[in-house]
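Beneath this line is the structure, given in structure tokens, with notes to follow.
In this chain, residues are counted from 1 in sequence order.
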Amino acid sequence: MDIPNRIAIGILGPEALVNKVLSVIATSFPSFEPIARACSAETASEIAEQLLLEVEVLLVTGPTLYRRVKENVLTHLPVHMIPLTDTGLFSALYRLRSKPQLHEVDAIFSIDSFTSSTLSRHVKEIGETPASFLIYDGVPYPQVEMMTQFHEEAFLRGATKAALTTDIQVADALNKQGIPCEWITPTDQNITVALERALLSTETRRSKEAQILVGMINVDEFGKKLQQQSTEHDIQRFKLEVHRKLIDYVESLDGYLTHLGADEYLFFTTRGIFERETVGYKSVPLAREVWKSLGLSLSMGIGFGRSANEAGTHARLALRRCKEAGGNTCFIVREDKTLIGPLEMADPLSRDLSMTDPELLKSAEDAGMTSTYLSRLMTTVARTSKLDYEVHELASILGVTVRSTHRLLLQWMDHNLISSVGYVKVPKGRPKQTFRLHFLENLAADPSRV
């Protein structure tokens, strides 16, 4: 799903690390528009100055480069660093220990960029001893040449068997001399934490965190449930219990709830709180609570907007989409009317495939369609009886990027599971292609077949 008005973030560091950061952004941070520049320690300050003219926040891939930027570049924009942690160290150490000539317990390694106390604390957790490491104790944030010389001299005089470094230029220089060396790089989790901090520090993000969100809740088939109550008192108690559940939920969002009458409610909160409560717009805990205690499913429409009026209009559009999908779901309409959803509600977006036609399962497996993808598609088709979808809709259902969805669609078309059935005109830009899930036609006609 393409995200408009994304936050420009600068990525600065060695090419290999920059590419690793870009990969994490592509899979986990759709709000970011990365502008990446590979650099060395010598060029870091100059390139950072150029990048900061184009971005809202800068992420530097390591402490050496970060120090250069902070010392030489004046900026009011936030500059973040991917920190050195035990996980990156453990990974590099494991790769060294895996080499036949370095299996010996008494092998000693030279290492830079870690203090003695920090290293001791880290290696103790994996059964290593500080005595296995010769730590660089020269000037803070040394030049590449100084770190290279430290490792080289230690190896040549026989004090160490290999080197661990946090600088790729040092690693390259040592490898050229035939000195066993591993480059300590941050893990995906380290990068994710740094990106989360960078995101929260941006002005755009802070602005969106405080943005007013309008939500509309409709209790599915509320009238039928009331008819099951024996007396008027039971009906009133049931209504009060529903109202209490919703009040408790909106209170947990620091929001405000009002009853619009009958089966519909309106609430207000902030975008940041709702995003955290739904774990990044993935699921709505309230729905499970109401289903477990009262046997009711909910439809929830969420609206973002530049004004309260716009957000309210978008919430109504989102609720309408929920009803078109058969209820028991949540959709979000953004400022530009693009859609997020469906969010997971009372029942997970999955189907038990054990009773599914074996031939269908075999065809899907041959086409490389995982059981998760098949389950999500079957659930959606059974709920809506809809077979034609645009790429961004399928991406939302499958929980993958638009680019990945295009790749999957080509694969499924090659196996005749789906077909292209035309294009939908849009006000701006190229027409959007529509695909038909014709392998699920029987399910759309009779959802009970699942």
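- Qualifying salt bridge (charged side-chain N to carboxylate O under 4.0 Å, His left out) partners for K337, counting only residues two or more places apart in sequence or in other chains: none.
- No hydrogens or angles considered: nothing links the side chains of D254 and T270 as a donor-acceptor pair under 3.5 Å.
- A donor atom on one side chain and an acceptor atom on the other are not found under 3.5 Å apart for R121 and S117.
- Each of E54, E15, E46, E49 was compared with R37 under the salt bridge (Lys or Arg N to Asp or Glu O under 4.0 Å) criterion, and only E54 meets it.
- Evaluated for a side chain to side chain donor-acceptor pair (under 3.5 Å) with Y249, the options E277, R244, E289 yield exactly one hit, E277.
- Formation of a donor-acceptor pair under 3.5 Å by the S120 side chain with backbone atoms of S116 is found in this model.
- One distance of note links CG of D112 with OG1 of T165; it measures 3.5 Å at 0.5 Å rounding.
- For R271, the CZ atom counts as densely surrounded, since its 6.0 Å shell holds more than 12 non-hydrogen atoms of other residues, nucleotides or ligands.
- H233 is linked by a side-chain contact (heavy atoms from CB on, under 4.5 Å) to T231, R237, counting only residues two or more places apart in sequence or in another chain.
- With T278 contributing its side chain and F274 its backbone, the two residues share a donor-acceptor pair below 3.5 Å.
- Of all heavy-atom pairs between I82 and P186, the closest is CG2-CB, 3.5 Å.
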Assess whether side-chain contact (heavy atoms from CB on, under 4.5 Å) is satisfied between L213 and F267, documenting all intermediate values. CA-CA 8 Å; L213 172 150; F267 72 90; 4.0 Å; yes
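- With E310 contributing its side chain and F304 its backbone, the two residues share no donor-acceptor pair below 3.5 Å.
- Closest approach of T329 to C322, counting heavy atoms only: O-SG, 3.5 Å.
- With values rounded to the nearest 0.5 angstrom, L246 atom CG is found 5.5 Å from Y265 atom OH.
- Of the inter-residue distances, the one linking L417 atom CG with F435 atom CZ reads 13.5 Å to the nearest 0.5 angstrom.
- Within a 6.0 Å sphere centred on CG of L74, other residues, nucleotides and ligands contribute 12 heavy atoms or fewer.
- Take N72 and apply the side-chain contact (heavy atoms from CB on, under 4.5 Å) test, not counting sequence neighbours, and it matches S45, R68.
- Every residue two or more places apart in sequence or in another chain that forms a side-chain contact (heavy atoms from CB on, under 4.5 Å) with I168 is listed here: P14, D172, W183.
- Counted by atom type alone, T187 and Q189 present zero donor-acceptor pairs between their side chains at under 3.5 Å.
- Of the possible polar contacts, none joining the S91 side chain to the G88 backbone as a donor-acceptor pair under 3.5 Å is found.
- Scanning all heavy atoms of the two residues, the minimum distance from L339 to R321 falls at CD2-NH1, 2.9 Å.
- When all heavy atoms of V18 and A36 are compared, the pair lying nearest together is CG1-CB, 3.4 Å.
- A donor-acceptor contact closer than 3.5 angstrom is absent between the side chains of S307 and N309.
- A distance-only check finds a donor-acceptor pair linking the side chain of T269 to the backbone of L253 [under 3.5 Å].
- Rounding to the nearest 0.5 angstrom, the gap separating the CD atom in E196 from the CZ atom in F29 is 4.5 Å.
- Closest approach of R6 to P30, counting heavy atoms only: CD-O, 2.8 Å.
- For the pair E264 and M216, the tightest heavy-atom approach, listed with the atom from each and the gap, is OE2-CE, 3.7 Å.
- Applying the side chain to side chain donor-acceptor pair (under 3.5 Å) test to every pair with at least one member in residues 410-422, sequence neighbours left out, gives these pairs: S420-Q433.
- Shown here are the side-chain contact (heavy atoms from CB on, under 4.5 Å) partners of T434, two or more places apart in sequence or in another chain: D388, E390, V421, V424.
- For the atom pair K245 NZ and L296 CG, the distance stands at 11.0 Å (nearest 0.5 Å).
- The NE2 atom of H80 sits 9.5 Å away from atom CG of L58, with the distance rounded to the nearest 0.5 Å.
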